[in-house]
4 protein chains.
Amino acid sequence: MADAPGTGDVADWWRTSIIEMEPGVIRLRGRPIEDLIGSVTLPQMIWLMLRGDLPTAPQAGLLEAALVAAVDHGPQAPSIAAARMAVTCGLPLNNAMASAVNMLGDVHGGAGEQAVELYHAIDAAGGPGAAAGEIDRWQSERDRFVPGFGHRFHKPRDPRAPRLLSLVDAAAEEGTVTGRFAAIARTVEAELERRKGRPVPMNIDGATAVIFAELGFAPPLARGLFCLSRSVGILAHAWEQMGQGGRNKGPTPPAYRWTYDP
Amino acid sequence: MADAPGTGDVADWWRTSIIEMEPGVIRLRGRPIEDLIGSVTLPQMIWLMLRGDLPTAPQAGLLEAALVAAVDHGPQAPSIAAARMAVTCGLPLNNAMASAVNMLGDVHGGAGEQAVELYHAIDAAGGPGAAAGEIDRWQSERDRFVPGFGHRFHKPRDPRAPRLLSLVDAAAEEGTVTGRFAAIARTVEAELERRKGRPVPMNIDGATAVIFAELGFAPPLARGLFCLSRSVGILAHAWEQMGQGGRNKGPTPPAYRWTYDP
Amino acid sequence: MADAPGTGDVADWWRTSIIEMEPGVIRLRGRPIEDLIGSVTLPQMIWLMLRGDLPTAPQAGLLEAALVAAVDHGPQAPSIAAARMAVTCGLPLNNAMASAVNMLGDVHGGAGEQAVELYHAIDAAGGPGAAAGEIDRWQSERDRFVPGFGHRFHKPRDPRAPRLLSLVDAAAEEGTVTGRFAAIARTVEAELERRKGRPVPMNIDGATAVIFAELGFAPPLARGLFCLSRSVGILAHAWEQMGQGGRNKGPTPPAYRWTYDP
Amino acid sequence: MADAPGTGDVADWWRTSIIEMEPGVIRLRGRPIEDLIGSVTLPQMIWLMLRGDLPTAPQAGLLEAALVAAVDHGPQAPSIAAARMAVTCGLPLNNAMASAVNMLGDVHGGAGEQAVELYHAIDAAGGPGAAAGEIDRWQSERDRFVPGFGHRFHKPRDPRAPRLLSLVDAAAEEGTVTGRFAAIARTVEAELERRKGRPVPMNIDGATAVIFAELGFAPPLARGLFCLSRSVGILAHAWEQMGQGGRNKGPTPPAYRWTYDP
């Protein structure tokens with residue numbers, strides 16, 4: 001029967017451990033949805049969906065702090081700008097949000113993922129003492145930019161990072177996390193300052209990466225969680241633009257002319 | 001100067017009330033980001049970004065319940081399927097999520113928005129007593145499908161709706177919300193059963209629409225908030241697929257042949 | 001068997017008349033692909049795929065002119081800007097192109113579709129003599145903007161429209177098309193000038209809509225064909241940006257600050 | 001002035017050599033648009049936009065053959081399936097096309113780009129004689145899949161490749177191209193057959209990559225040009241689905257259940 005036109009044995013083509021459905025029944029990671037609604041927080045639900053178990057309240061609180069911290073960094077970011085432009089092109093919110101999230105690629109949304117990878121590499125190489133060597137390796141094999149440190153706009157420092165690190169420190173004291181990725185990140189920060197002769201402070205990506213690494217999220221999920229978080233700001237800006245109106249609003253005002261290079 | 005090639009007075013081309021930035025400073029809706037991190041929940045942050053003020057804890061709890069309820073409805077939904085297929089095409093998580101959220105159009109992601117519109121119309125026409133007339137108007141002017149009611153898969157009923165409505169009832173008793181949109185929705189449900197001669201129970205869109213309407217969100221935000229919520233499930237499925245591997249995985253197994261209509 | 005978990009009778013779920021495949025065999029609209037390669041032009045192939053038959057050479061030539069005309073309108077358009085920003089976010093060309101094409105919504109990419117609808121409405125109401133009435137109806141029921149006429153940048157006129165119309169005229173003389181939609185569009189142009197007291201000349205959307213209507217394409221395909229055409233410019237700009245480099249390039253230069261409205 | 005809030009010297013932020021616009025004037029690569037419309041073919045226009053000069057007729061013909069060849073490979077491909085699903089979610093054609101093109105990532109749309117890279121590497125290493133060594137290097141450093149060869153569906157061979165190669169041969173005889181990338185590709189094909197003990201014939205990606213390499217397109221443009229070509233099939237399938245109707249059509253029929261792995 002598998003060879004008959006228009007039919008086929010489709011068993012096992014798609015498999016999932018996330019959701020189980022029958023008529024009238026939805027179980028997420030084995031738990032009936034009606035037991036979760038009103039009982040778990042949104043960050044707990046995010047954790048459950050991604051990992052299969054429920055986090056403790058302190059774990060969920062740390063994840064929540066990272067998600068709250070990254071919701072927006074203003075309309076100068078290509079993603080937020082794209083969402084606003086999309087609305088003026090007549091797109092509804094879902095398409096505007098998609099246009100924006102699509103922009104969170106290796107350069108815009110991937111720094112957190114890369115920072116977790118760097119922290120993991122330092123950890124695997126023995127911890128903070130291996131930071132200098134792993135920074136060298138990163139710059140020679142991957143990119144001259146060390147992900148998660150420095151900010152072209154926020155001088156002297158990104159205001160989100162110290163606050164996030166203080167929450168990690170508190171969680172480490174309480175035993176929620178070990179604190180070893182915070183130590184690694186601070187060593188990277190110190191090493192970069194030593195090399196540059198000026199501070200290259202941890203930024204939002206470097207700080208949320210500490211949290212994601214402390215909580216045991218795999219590197220690609222740092223990007224995924226950032227996408228969830230930034231989607232909040234994207235939605236807010238798209239909605240604000242919808243209220244302002246505008247039609248086919250280009251990035252720059254009409255008086256501006258792009259430079260033509262013959 | 002505005003007319004010189006390559007320059008232009010760009011003041012006021014883009015305006016926002018959401019975020020204010022200076023080097024070292026980020027304020028969201030007037031609040032320093034470091035005061036929000038670790039202090040507000042993610043649903044509170046969502047509300048703040050969209051509306052400019054912070055909700056009370058009970059308001060945020062009701063919003064949180066709606067966001068938790070809608071995270072996933074399985075990979076048979078085109079959005080989730082798209083996320084999984086995208087991963088097998090080699091896309092990283094941000095592009096997979098965008099591909100999926102893009103799918104949440106008028107038919108897939110717009111039912112909640114439409115349900116809020118219907119409830120508003122009934123409310124504006126005088127409340128539950130106006131439900132039958134507004135259903136008639138909806139079906140003659142908009143669509144024969146009454147948004148938010150009935151489910152082709154969940155018989156006898158969508159398990160999420162009763163749980164959400166019970167939370168609305170509790171919130172109404174405590175004075176968090178008025179409960180008038182819950183009453184409207186129940187009247188719609190009863191009227192549809194009367195007309196069809198069988199239950200056409202409220203579904204997830206109809207129930208979350210009650211919450212969004214009770215909390216004062218504009219109709220398009222019902223779609224936007226659904227996109228935020230479903231992004232959680234989308235991310236989880238994309239990540240699971242990444243772990244499973246697969247290359248260029250089509251919707252149906254290779255043995256299946258699409259029917260060719262000459 | 002249809003009810004067994006993980007299986008199902010999938011016959012007829014997806015059906016197509018476009019393509020027929022067997023191992024070693026690809027037929028498009030019934031024609032072996034190897035007979036088409038090197039034998040038909042790209043516009044002929046586009047027509048064949050959309051409509052099932054091959055156009056005559058003059059028909060294909062007129063379609064080709066419309067596709068050539070609309071490839072680019074500069075990086076001030078949100079779509080082109082999105083493609084360039086996407087590249088600086090680290091996206092490869094496919095994702096950059098998708099981000100841009102997504103922007104071609106009702107306002108940005110839908111004017112051609114709407115213009116075909118307007119021409120059809122005038123034609124159905126009796127032809128050019130019905131233009132004034134149908135313009136009134138459009139403005140009262142749809143939008144105060146009459147699609148396809150006027151241009152905020154190109155004064156006195158969009159240079160593409162007269163050239164395209166002259167090709168339609170030549171094709172009408174040769175009997176390739178009837179020319180009745182060209183007559184309708186010119187009547188709309190004259191009527192708008194009469195009402196405004198100044199020229200409101202046909203723009204690219206109004207002119208390509210004449211071609212699409214003359215050739216018998218349904219209104220939504222005017223948007224679809226525009227997306228194909230503009231994809232050329234989108235690709236060119238994305239590729240140029242890739243050569244220029246840049247990281248996370250926002251819409252406006254860093255010195256520019258978005259206006260904050262407290 | 002550059003530091004005043006809301007303003008900024010925006011000169012040179014965006015630069016392009018593709019298009020020059022003034023009111024009433026559009027020049028693409030220095031040529032007035034009205035001189036191009038009706039005078040150049042769509043493939044010539046694509047070449048002009050990407051490279052700045054016009055191709056000869058034989059060069060354009062070879063490019064056209066590649067673009068015609070790759071328009072569609074059926075709805076089992078994730079991209080085409082996504083376009084059709086998108087339409088059933090209520091998306092208009094531009095969003096459906098974007099959803100599909102977005103899927104053409106490293107695995108689905110990147111094989112042609114990778115094949116050009118492989119051919120370039122062999123060419124740089126001395127030509128066909130270097131094929132075996134470069135295949136080894138590719139498999140050890142990049143991927144065990146050699147891009148552009150073999151097909152899981154088309155046995156014994158992809159019908160598009162031989163036809164395309166015969167066109168390259170003819171063009172080489174006429175002096176349009178050198179034919180050295182065709183020789184390289186055939187050596188790869190022979191080497192893979194020698195290693196596997198069975199044919200691993202060139203597929204559509206391997207064959208169009210020969211054409212793109214012969215014509216001097218950079219590797220990423222192989223992906224970009226494939227996106228343009230496949231957009232034709234994507235549009236056709238989206239449009240066909242629009243005619244068929246369907247609401248929220250999942251990848252597999254409702255009777256099918258995804259396998260739940262507890």
Side-chain angles (χ1 to χ4, degrees), chain C residues 2 5-6 8-10 13-14 16 18-19 21 23-24 26 33-34 36-38 40 42-43 45-46 49-50 64-65 67-69 71-72 74-75 93-95 97-98 101-102 104-105 109 153-156 159-160 163 167 220 223-224 227-228 231-232 235-236 239-240 253 255-257 259, chain D residues 2 5-6 8-10 13-14 16 18-19 21 23-24 26 28 33-34 36-38 42-43 45-46 49-50 64-65 67-69 71-72 74-75 93-95 97-98 101-102 104-105 109 153-156 159-160 163 167 220 223-224 227-228 231-232 235-236 239-240 253 255-257 259:
Chain C
D9 178 0
V10 295
W13 183 244
W14 293 112
T16 183
I18 297 171
I19 187 169
M21 295 211 310
I26 301 171
I33 183 70
E34 60 271 27
L36 294 165
I37 299 170
V40 303
L42 185 55
M45 191 67 172
I46 294 169
M49 291 290 286
L50 293 174
E64 188 151 39
L67 294 170
V68 163
V71 292
D72 190 16
L93 291 174
N94 59 303
N95 302 124
M97 291 172 74
V101 172
N102 215 31
L104 301 175
F153 180 79
H154 287 303
K155 312 290 181 191
R160 297 164 291 187
R163 174 70 179 136
L167 293 172
R223 186 192 303 216
C227 290
L228 284 186
S231 290
V232 175
L235 172 59
W239 174 239
E240 184 181 58
Y256 172 78
R257 296 281 185 283
T259 303
Chain D
D9 178 0
V10 294
W13 183 244
W14 293 110
T16 184
I18 297 171
I19 188 169
M21 295 211 310
I26 301 172
L28 294 174
I33 183 70
E34 61 271 28
L36 294 165
I37 299 170
L42 184 57
M45 191 67 172
I46 293 169
M49 291 292 285
L50 292 175
E64 189 151 39
L67 294 170
V68 162
V71 292
D72 191 15
L93 291 174
N94 58 304
N95 302 124
M97 292 172 73
V101 172
N102 214 34
L104 302 174
F153 180 79
H154 287 302
K155 314 288 180 191
R160 297 164 291 186
R163 174 69 180 137
L167 293 172
R223 184 191 305 217
C227 289
L228 283 186
S231 291
V232 175
L235 173 59
W239 175 239
E240 184 182 58
Y256 172 78
R257 295 282 186 282
T259 302

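Lettering follows sequence order; numbering is per chain, from 1.
With rounding to the nearest 0.5 angstrom, the CD1 atom of C:Ile18 is 4.0 Å from the CD atom of D:Glu240. Considering CG of C:Asn94 and SG of D:Cys227, their distance stands at 5.0 Å, rounded to 0.5 Å. Taking CE from C:Met97 and CE from D:Met97, the interatomic distance works out to 9.0 Å, rounded to the nearest 0.5 Å. In this structure, the separation between CE on D:Met49 and CG on C:Leu235 is 9.0 Å, given to the nearest 0.5 Å. In this structure, NE2 in D:His154 is found 5.0 Å from CE in C:Met21, a value given to the nearest 0.5 Å.
Neither the backbone nor the side chain of C:Pro156 comes within less than 4.5 Å of any heavy atom in chain D. If you measure heavy-atom distances from C:Glu34 to chain D, the contacts under 4.5 Å come from both the backbone and the side chain. Residue contact with chain D, scored on non-hydrogen atoms closer than 4.5 Å, involves the backbone and the side chain of C:Leu104 alike.
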Query - Trace of the side chain to side chain contact (heavy atoms under 4.5 Å, CB included) decision for D:Leu42 with C:Ile46 - result: CA-CA 11 Å; D:Leu42 184 57; C:Ile46 294 169; 4.3 Å; yes

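By number of non-hydrogen pairs under 4.5 angstrom with chain D, the leading residue of C:Ala69, C:Gly74, C:Ala236, C:Gly24 is C:Gly24. Note: D:Ile33 leads D:Ile33, D:Leu167, D:Leu67 in heavy-atom pairs under 4.5 Å with chain C. When the candidates D:Thr16, D:Leu28, D:Val71 are compared by the number of heavy-atom contacts under 4.5 Å with chain C, D:Thr16 comes out ahead. When the candidates D:Arg223, D:Glu64, D:Met45 are compared by the number of heavy-atom contacts under 4.5 Å with chain C, D:Glu64 comes out ahead.
C:Ser231 is not listed as a side-chain neighbour of D:Val101, based on a closest heavy-atom distance of 4.5 Å or more.
Looking at every heavy atom in both residues, C:Ala65 comes nearest to D:Gly38 through CB-N, 4.1 Å. Heavy atoms only, all atoms of each residue included: C:Pro220 and D:Leu93 are closest at O-CD1, 3.2 Å. Between D:Phe153 and C:Pro23, the closest heavy-atom pair is O-CB, 3.4 Å.
Although no hydrogens or angles enter the test, the distance criterion places a donor-acceptor pair under 3.5 Å between the side chain of C:Arg163 and the main chain of D:Ile37. Counting only distance, with no hydrogens or angles, the side chain of D:Asn95 and the backbone of C:Asn102 share a donor-acceptor pair below 3.5 Å.
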